[in-house]
Protein chains: 2
Amino acid sequence: MPRDGAKTKQRIMDAAQAQVLERGFAATSVDAIQEAAGISRGTFFYHFPSKDDLARAVIERYAEEDRGLVNDLMARAESLASDPLQHALIFLGLLEEVFRETGAGEAGCLFASYSYEAGLFDERTDALIIGSIELWRRTLGGKLEAALERHPAKLPDTDPYVLADMAYGVLQGAFIFGRTLSDPSVMVTHVRQFRSFLELLFEVGLPTESTASTVPDALERKSSP
Amino acid sequence: MPRDGAKTKQRIMDAAQAQVLERGFAATSVDAIQEAAGISRGTFFYHFPSKDDLARAVIERYAEEDRGLVNDLMARAESLASDPLQHALIFLGLLEEVFRETGAGEAGCLFASYSYEAGLFDERTDALIIGSIELWRRTLGGKLEAALERHPAKLPDTDPYVLADMAYGVLQGAFIFGRTLSDPSVMVTHVRQFRSFLELLFEVGLPTESTASTVPDALERKSSP
DNA sequence: TATGTTAAACTGACTGGTCAGTATATTACT
DNA sequence: AGTAATATACTGACCAGTCAGTTTAACATA
């Protein structure tokens, strides 16, 4: 039965992440994690020298997944069109798809969870969260900046990076919304609404928005973790 | 020094709220609150039978302030114009003003904080948070619904309540943003951007958005709590 | 005398963390 | 092949400290 420590470690982190999203880090005891993961107390401390080390490991794994998802989605968007504005729009469409399929909107965002317990963590954790914001800015904001150079925006003085920040904010807001109302569909609705706003801003003429698929049928590729 | 129990109670709640926003409720000990409020341990339990009672009192006070602010701002907006769309836009403009003046964007939203520790609280607390969302929906969503009946929206199938929800979400997102980057101006920027989107959606023709004041000069009235 | 406040001592549950020891599987030795 | 050695994975009891909450006795104000 024994012999794969890596798997156990992941199980511990899975259990921890789920509980942190539900009650916060401080209120999640080592005992509760250990029990949920189906291991003993000693095993926990064998894998993690302290509870704080677990906190860091969990958020680092989360940040890495996040990075992977963003990069993957944008790469896919880029392979589906050549115009930067389309890249941005398809990127958001793919994101919408991910939320629709995984229903991740109910769980919430670990960055936000940590942020509301910021006093418990060190600067390294803060840096991870800020890093996630910066990646988003580079990825989506950069595309919108390029889009602005080609397409006229209906609002003058449009700052593409403010748009990107706001998109990130919409996601965060939708997470809280989805959690509070136990309704994962909010995630999808809000992302879609934001994309519609972008289309309006750039005068992309989809005369009837309708409820049809907003992403080319071509992409059946599974979304990453 | 002694003699006003109500004031002491408020001081306790102030200290608690500040600490909860910084590290979350679970990580905020009674001792720490008591020390920050400058009172003794006995006094704390004289005013609050338990820590949970404090939690409820703090969120109830917060919900009441929130309700007061929303109602106040919308009432003021209504006194400044007669069109429901203008009511909605001025409402958001006034909100922007509040955030600009108070710098409340750095602190964060107590609803969100509680939401990310939801497992610790009972249904009454959940109900308060949901109630705040519903008030927002009624207040802003109702206006936008009325606006849609008079003004054509550039996007068909526009649901005014989705717009209202999304505005709430933008606020929540901006709170997290402001906290994480220690930049209260995000609050203002995001609200303004959202309002611009609404103007675009309803084709309100401000040909040059510019940086001029977006709210009539007439209102010097102080914003509520 | 009512209410508000203090200070300190105490309880019991629970916390993060330690530790001595056990089990399992791989490798090394003969 | 058989056995000893070893690194990794895991266990459960235990410890010291912190937590929320209680109790008690005194004191201040109005």
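From a predicted model like this one, the values you see are computed outputs, not experimental measurements.
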Residue-phosphate contact under 4.0 Å: B/His47 side-chain N/O, C/dT5 OP1/OP2
yes
Could you give the NZ-to-C1' distance, from B/Lys9 to C/dT3, as a whole number of Å?
14 Å
Indicate whether OP1 or OP2 belonging to D/dA9 is found under 4.0 Å from a side-chain N or O atom of A/Thr8.
no
Which label fits A/Phe197 and B/Phe197: parallel for a plane angle under 30°, tilted from 30 to 60°, or perpendicular past 60°?
parallel
Taking only N and O in the side chain of B/Ser40, is any of them less than 4.0 Å away from OP1 or OP2 of C/dA7?
no
Taking atom P of C/dG16 as reference, at what distance in whole Å does atom CZ of A/Phe44 sit?
8 Å
According to a strict under-4.0 Å criterion, is A/Tyr46 in side-chain N/O contact with OP1 or OP2 of D/dC10?
no
For B/Ile12 and C/dT5, give me the distance from atom CD1 to atom C1', rounded to whole Å.
11 Å
Has A/Gln193 got a side-chain atom pairing as donor or acceptor with B/Met166's backbone, closer than 3.5 angstrom?
no
I need the CZ-C1' distance between B/Phe45 and C/dT6, as an integer number of Å.
15 Å
For B/Leu54 and D/dG21, give me the distance from atom CG to atom C1', rounded to whole Å.
14 Å
Could you state the atom-to-atom distance from CD of A/Gln34 to P of C/dG17 in whole Å?
14 Å
For A/Ala15 against A/Ala36, the heavy-atom pair lying closest together:
CB-CB, 4.0 Å
Tell which nucleotide pairs with D/dT29, taking only Watson-Crick or G-U wobble pairs whose two distances are both under 3.5 angstrom.
none
Whole-Å distance between C/dT18 C1' and A/Lys51 NZ?
17 Å
So B/Ser29, base contact, sugar-phosphate only, or nothing? Heavy-atom distance under 4.0 Å.
sugar-phosphate
Step by step, would you call A/Ser115 with B/Tyr116 a side-chain hydrogen bond (donor to acceptor under 3.5 Å, both in side chains)?
CA-CA 10 Å; A/Ser115 159; B/Tyr116 270 104; over 6 Å; no
Grab the CG-C1' distance between B/Asp31 and D/dG17 for me, whole Å please.
13 Å
By nearest heavy atom, map A/Pro49 and B/Gly42 onto DNA chain C; which one lands nearer the 5' end?
B/Gly42
Could you tell me whether A/Phe121 and A/Phe25 have their ring centroids closer than 6.0 angstrom?
yes
By nearest-heavy-atom nucleotide on DNA chain C, the more 5' of B/Arg41 and B/Arg11 is B/Arg11
Who is the Watson-Crick or G-U wobble partner of C/dA7, with both distances under 3.5 Å?
D/dT24
